[in-house]
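Values below: all heavy atoms of this structure, side chains included; hydrogens, waters and symmetry mates excluded.
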Amino acid sequence: AAAAELRLLEKSLGLKPGNKYSAQGERQIPVLQTNNGPSLMGLSTIATHLVKQASKEHLLGSTAEEKAMVQQWLEFRVTRVDGHSSKEDTQTLLKDLNSYLEDKVYLAGHNITLADILLYYGLHRFIVDLTVQEKEKYLNVSRWFCHIQHYPDIRQHLSSIVFIKNRLYANSH
Amino acid sequence: MPSTNASRKGQEKPREIVDAAEDYAKERYGISSMIQSQEKPDRVLVRVKDLTVQKADDVVWVRARVHTSRAKGKQCFLVLRQQQFNVQALVAVGDHASKQMVKFAANINKESIIDVEGVVRKVNQKIGSCTQQDVELHVQKIYVISLAEPRLPLQLDDAIRPEVEGEEDGRATVNQDTRLDNRVIDLRTSTSQAIFRLQSGICHLFRETLINKGFVEIQTPKIISAASEGGANVFTVSYFKNNAYLAQSPQLYKQMCICADFEKVFCIGPVFRAEDSNTHRHLTEFVGLDIEMAFNYHYHEVVEEIADTLVQIFKGLQERFQTEIQTVSKQFPCEPFKFLEPTLRLEYCEALAMLREAGVEMDDEEDLSTPNEKLLGRLVKEKYDTDFYVLDKYPLAVRPFYTMPDPRNPKQSNSYDMFMRGEEILSGAQRIHDPQLLTERALHHGIDLEKIKAYIDSFRFGAPPHAGGGIGLERVTMLFLGLHNVRQTSMFPRDPKRLTP
């Protein structure tokens, strides 16, 4: 699954396919064997490496603070999204993310970054199962997700998820 | 504790085993002898709801329950309750009451029924906790008519407390099973009183509206020889040397009445479903409000008549039962029920388009699942601002064999459901009145013709085109009030796990 996601990322960055990925251990941590160097381990490490390969460093943030923020959300992705175990964890995760996104368009700074891309990929399988009511409950997550999925290079073959513009449950108890 | 051995001889002259010698008020209180219809005293009992400032300074007799009591030194405050109304009463040591009498009053168990004689007094400060806010009763005599046991299985105040979502605020509420196990007490709460008064109003308005429209009320048998809607979900009962079944619907009999030229009929009666569904909206016995009507050229004549009947019920409830609606919403807040005139009628394919636009994947001939039904309700509310609508032209494949196919589209049928707040309350259709087509459709559904012979034969001697439907009374009550469990609107609910009380 991680390999498939890294291939999506490669493509969205405009890289030519050809990297070889494998998975290691119980948690299936992705590993990239570089051509003439050591092997790289872990989703966020490999993703960061790919961004640099593609010379799109702006996706890692422009200021020092932004760079740190991007790292922070990559860590969130790996520990919270991939590490989830129950429906309850997912709900908590979405609730936290929803309140963070209250006044933001992107996760870090004012432009799209690797954090947005990887969180979008990571959350897709959860968002696809949400009911209309849940999507409305996590309104800010929905707004952000809908925005990111409108980048055709990022979404690629992933299903486009429907979000309703009007609120249906706002006044309900 | 008042002595239960107190005198039961004389009329209202009970005795307390307290220091009788000093008790100058001993004739003014006690346990009354059991009322066995010994006499017809010339005494008017005033209703609690009539205790207003107009009665100020009158001496009145009241019969009510002790809702709460609170002793404070030389006085005792009681809240007396009668149905959904209550009033504060005061027993204070003075000319009329002795210390012993105050103590007696303070010790009467909650929920006991008492007779009180007192003076109505206007109060300066409104009594917020009572429905009669401007007066209180200064008690001169107090007799227990029927004593409640000291321990109540549930507290009425807990039973009407709104349930706070999420965080516990530490205050007790009563769970559904405790309520239902002790239904007699639960039904005394202002919320239950309001729910069942309103439910009575639904039946009354249903009758009133249909009689005005020229319908005839009929009675149909509930013990029948063959399962009415196919063999599944039917209760079998022993019937002398054979088996019989409990009717799952009065449909066949309604249709027979149409074939017998009654033209427009309705009935209100129990309906039985042996369905092992433990959901918020299924019961094994519920009350069906059923309609069947002959029409001239198009079944929409019937759809309009049924929808208008429901609209008249909604209007009547909002006009005549506003107090009850408000009372229920104090415990279970909800938005007022909205409807359009004339009623919105959507076709199934339009509904499918709306759902697909919202991201739902469904086949043209697939039935609506419960979550999709609810979602559709939201979409319709958002688009048309109505909580009530008709969904017409269901796929033929998901309806019973007797449903008339749509002449223009063989995959559709002349059938409809009606929805309140996104939940189905009525299912109906134009019925096939032609024995040959009925036979074909039954065979198509793989039904044993022998078993439905009597049904098909009903149409052999000329049958008018007709349509109808059945409404679930408990569901209508629940959804009109925005409640979340049909057990709240069934007085003594029957479900797979409950057969008592």
Side-chain angles (χ1 to χ4, degrees), chain A residues 86-99 101-102 119-152 154-173, chain B residues 161-167 173 191 280 325-326 328-338 351-362 368-387 389 419-423 478-485 488:
Chain A
S86 66
K87 176 94 184 158
E88 215 168 82
D89 290 345
T90 314
Q91 300 285 339
T92 324
L93 180 156
L94 290 171
K95 202 175 146 207
D96 293 349
L97 190 59
N98 195 56
S99 55
L101 286 168
E102 177 93 53
L119 206 60
Y120 164 75
Y121 288 151
L123 287 177
H124 190 277
R125 65 194 170 107
F126 299 117
I127 305 285
V128 87
D129 286 336
L130 294 187
T131 63
V132 173
Q133 187 167 15
E134 285 168 322
K135 285 179 204 166
E136 186 168 314
K137 187 173 166 196
Y138 306 115
L139 198 65
N140 303 316
V141 175
S142 295
R143 169 179 49 74
W144 165 84
F145 192 93
C146 189
H147 180 194
I148 305 299
Q149 78 172 356
H150 272 90
Y151 288 85
I154 295 175
R155 181 168 75 83
Q156 300 174 47
H157 69 269
L158 292 180
S159 63
S160 171
I161 295 171
V162 177
F163 294 93
I164 297 178
K165 285 212 177 67
N166 303 316
R167 299 181 82 162
L168 299 183
Y169 298 88
N171 302 316
S172 70
H173 290 277
Chain B
R161 193 162 288 139
E163 279 176 34
V164 190
E165 251 180 78
E167 276 91 289
T173 52
T191 306
H280 76 283
I325 295 170
Q326 297 305 327
V328 176
S329 74
K330 270 185 214 154
Q331 184 174 2
F332 302 102
C334 91
E335 286 177 82
F337 190 81
K338 285 190 172 174
L352 275 186
M354 287 171 76
L355 283 169
R356 282 174 183 154
E357 213 173 297
V360 173
E361 287 168 24
M362 261 181 77
L368 283 175
S369 66
T370 307
N372 285 343
E373 249 176 47
K374 287 194 173 172
L375 175 58
L376 182 63
R378 290 286 174 176
L379 294 166
V380 169
K381 175 81 187 266
E382 202 270 331
K383 192 167 173 185
Y384 300 99
D385 199 28
T386 177
D387 288 309
Y389 67 98
F419 293 87
M420 285 172 69
R421 297 196 205 260
E423 293 192 44
M478 165 177 84
L479 295 165
F480 184 81
L481 291 169
L483 300 174
H484 298 292
N485 196 315
Q488 288 172 292

Exercise. Is the CD atom of B:Gln326 crowded by more than 12 outside heavy atoms at less than 6.0 Å?
Worked result: yes

For this session: Might you point out which heavy atoms bring A:Arg167 and B:Glu382 nearest each other, and give the distance in Å?
Result: O-CG, 3.7 Å

Exercise. CG/B:Leu375 to OG1/A:Thr131 distance, rounded to the nearest 0.5 angstrom?
Worked result: 8.5 Å

Problem set entry | Rounded distance (nearest 0.5 Å) linking atom CD of A:Gln133 with atom NZ of B:Lys374 | 9.0 Å

Exercise. Would you find more than 12 non-hydrogen atoms of other residues, nucleotides or ligands less than 6.0 Å from B:Glu357 atom CD?
Worked result: no

For this session: Against chain B, work out which of A:Val162, A:Val132, A:Ile164, A:Ile161 has the most heavy-atom pairs shorter than 4.5 Å and name it.
Result: A:Val162

